[in-house]
Amino acid sequence: MLTLVLISLVSITFLVSPSYAHFEGLKVSIAANDVSSIADLKVDATVANVSPEDVKILKYGTVLDNNLPTKSFTLTKNGTDVAFIGARIQVQSLENLSNDAWITIPSGKNVTVRHMIEKLYDFELAGTGRYSIKPNIEFQLAGTNGVINTLDSLSRAVAPDVDPISINISGDVARREVSTP
């Protein structure tokens, strides 16, 4: 049973056009502190809706989803990407998605989500030192009327670019195993 879950989670890309429109209505910021162990590494991601309307967003594969082991961030060390070892999700249909797959951010409000990323990147291979963390700023939005029937009814939006943050990991970088929720 666990194997079937992992197989279904392993391929996470959307089967839709990859074109994304620049959307000024969302602002993304992240925060994290220096740590001595990756077990203590917490990345807080805040998405603010600065548009005049409420926005309904598919959480999968974004900084708004801290339940699935997906790539919400890009990590680099000394300019080299740190290997992502989590899951890639493929949404083939919206029919079977639960309400938990979505979040609505009211106009003028924000949502902060805490991520524990120690199992999602190969810190052991990269070693101790200074890391750069940048959030994934691509989102899948419901249409203005909130009706979502197919993947094609979603708008693809990219929030304004976010500068990466820098953190130092001074000790324990031993690899952790990814587990499914």
Side-chain angles (χ1 to χ4, degrees), residues 9 11-34 41-77 79-84 86-117 120-121 130-167:
L9 287 177
S11 62
I12 294 185
T13 51
F14 291 95
L15 294 178
V16 293
S17 166
S19 65
Y20 285 79
H22 194 71
F23 181 60
E24 296 290 333
L26 296 175
K27 303 287 184 198
V28 179
S29 61
I30 60 172
N33 293 317
D34 292 348
L41 181 56
K42 299 169 184 71
V43 181
D44 291 329
T46 300
V47 178
N49 178 3
V50 296
S51 75
E53 297 181 7
D54 296 354
V55 178
K56 186 172 184 177
I57 304 169
L58 181 62
K59 295 190 301 186
Y60 294 159
T62 74
V63 295
L64 293 168
D65 183 10
N66 63 353
N67 292 321
L68 293 175
T70 60
K71 188 176 181 181
S72 299
F73 305 95
T74 298
L75 275 65
T76 59
K77 182 174 178 234
T80 302
D81 284 349
V82 177
F84 174 72
R88 301 200 191 294
I89 295 176
Q90 185 171 10
V91 176
Q92 295 179 349
S93 169
L94 299 177
E95 291 176 10
N96 297 323
L97 293 181
S98 71
N99 287 336
D100 293 340
W102 304 93
I103 187 166
T104 298
I105 304 176
S107 175
K109 301 293 183 183
N110 61 55
V111 173
T112 299
V113 178
R114 174 160 284 176
H115 295 262
M116 307 296 289
I117 63 171
L120 303 180
Y121 298 88
R130 187 143 301 277
Y131 286 78
S132 176
I133 304 174
K134 189 168 181 155
N136 174 354
I137 56 172
E138 296 177 350
F139 296 95
Q140 307 284 325
L141 310 178
T144 54
N145 62 4
V147 175
I148 307 160
N149 298 325
T150 67
L151 287 171
D152 291 331
S153 66
L154 295 175
S155 299
R156 290 117 189 110
V158 177
D161 202 20
V162 178
D163 289 331
I165 61 169
S166 178
I167 59 137

Engineer: Of all residues at least two apart in sequence or in a different chain, which pass the salt bridge (charged side-chain N to carboxylate O under 4.0 Å, His left out) check with Lys109?
Structural biologist: none
Engineer: Going by salt bridge (charged side-chain N to carboxylate O under 4.0 Å, His left out), name the residues that satisfy it together with Lys134, two or more places apart in sequence or in a different chain.
Structural biologist: Asp161
Engineer: Applying side chain to side chain donor-acceptor pair (under 3.5 Å), can you list everything that pairs with Asn136, at least two apart in sequence or on another chain?
Structural biologist: none
Engineer: By side-chain contact (heavy atoms from CB on, under 4.5 Å), which residues pair with Ala83, not counting sequence neighbours?
Structural biologist: Asp122
Engineer: Are Val113 and Val63 close enough that some pair of their side-chain heavy atoms sits under 4.5 Å apart?
Structural biologist: no
Engineer: Heavy atoms only: give me the nearest Phe73-Pro135 pair and the separation to one decimal.
Structural biologist: CD2-CA, 3.7 Å
Engineer: Run the numbers on Tyr121 and Tyr131 for side chain to side chain contact (heavy atoms under 4.5 Å, CB included), then give the verdict.
Structural biologist: CA-CA 12 Å; Tyr121 298 88; Tyr131 286 78; over 6 Å; no
Engineer: Going through the checks in order, is the side chain to side chain contact (heavy atoms under 4.5 Å, CB included) test met by Ile57 and Leu26?
Structural biologist: CA-CA 11 Å; Ile57 304 169; Leu26 296 175; 4.0 Å; yes
Engineer: Does Ser166 have any side-chain contact (heavy atoms from CB on, under 4.5 Å) partners at least two apart in sequence or in another chain, and if so, which?
Structural biologist: Arg130
Engineer: To check you understand the geometry: which heavy-atom pair defines the closest contact between Ala32 and Ile165, and what is its length?
Structural biologist: N-CD1, 3.6 Å
Engineer: Let me confirm one number: the CG-NZ distance from Asn67 to Lys59, rounded to the nearest 0.5 Å.
Structural biologist: 6.0 Å
Engineer: First locate atom CZ of Phe139, then atom OH of Tyr60, and finally report the distance between them rounded to the nearest 0.5 Å.
Structural biologist: 16.0 Å
Engineer: Restricting to pairs with a member in residues 64-77, which pass salt bridge (charged side-chain N to carboxylate O under 4.0 Å, His left out), not counting sequence neighbours?
Structural biologist: none
Engineer: Begin with the C-alpha distance, continue with both residues' side-chain angles, and end with the deciding distance and a verdict on side chain to side chain contact (heavy atoms under 4.5 Å, CB included) for Val47 and Ile103.
Structural biologist: CA-CA 11 Å; Val47 178; Ile103 187 166; over 6 Å; no
Engineer: Calculate, to the nearest 0.5 Å, the distance between atoms CD1 and OG1 belonging to Ile30 and Thr112 respectively.
Structural biologist: 12.5 Å
Engineer: Would you name the heavy atoms of Pro160 and Ile137 that are closest together and state the gap between them?
Structural biologist: O-CD1, 3.8 Å
Engineer: Restricting to side-chain contact (heavy atoms from CB on, under 4.5 Å), what partner residues turn up for Asp81, sequence neighbours left out?
Structural biologist: Thr74, Thr76
Engineer: Distance check, rounded to the nearest 0.5 Å: Ile167 atom CD1 versus Asn33 atom CG?
Structural biologist: 9.0 Å
Engineer: How long is the gap from CG on Leu58 to CG on Leu64, to the nearest 0.5 Å?
Structural biologist: 10.0 Å
Engineer: Check side chain to side chain donor-acceptor pair (under 3.5 Å) between Ser29 and all other residues, then give those that pass, not counting sequence neighbours.
Structural biologist: none
Engineer: Could I get the full list of side chain to side chain donor-acceptor pair (under 3.5 Å) partners for Ser107, not counting sequence neighbours?
Structural biologist: none
Engineer: Identify the two heavy atoms, one from Val55 and one from Ser51, that lie closest to each other, and give their separation to 0.1 Å.
Structural biologist: CG2-OG, 3.7 Å
Engineer: About how many Å separate CD1 of Ile117 and OG of Ser72, when rounded to the nearest 0.5 Å?
Structural biologist: 9.0 Å
Engineer: Do Met116 and Lys42 come close enough that some side-chain heavy atom pair is under 4.5 Å?
Structural biologist: yes
Engineer: Listed by chain and number, what are the side chain to side chain donor-acceptor pair (under 3.5 Å) partners of Asp44, not counting sequence neighbours?
Structural biologist: Arg114
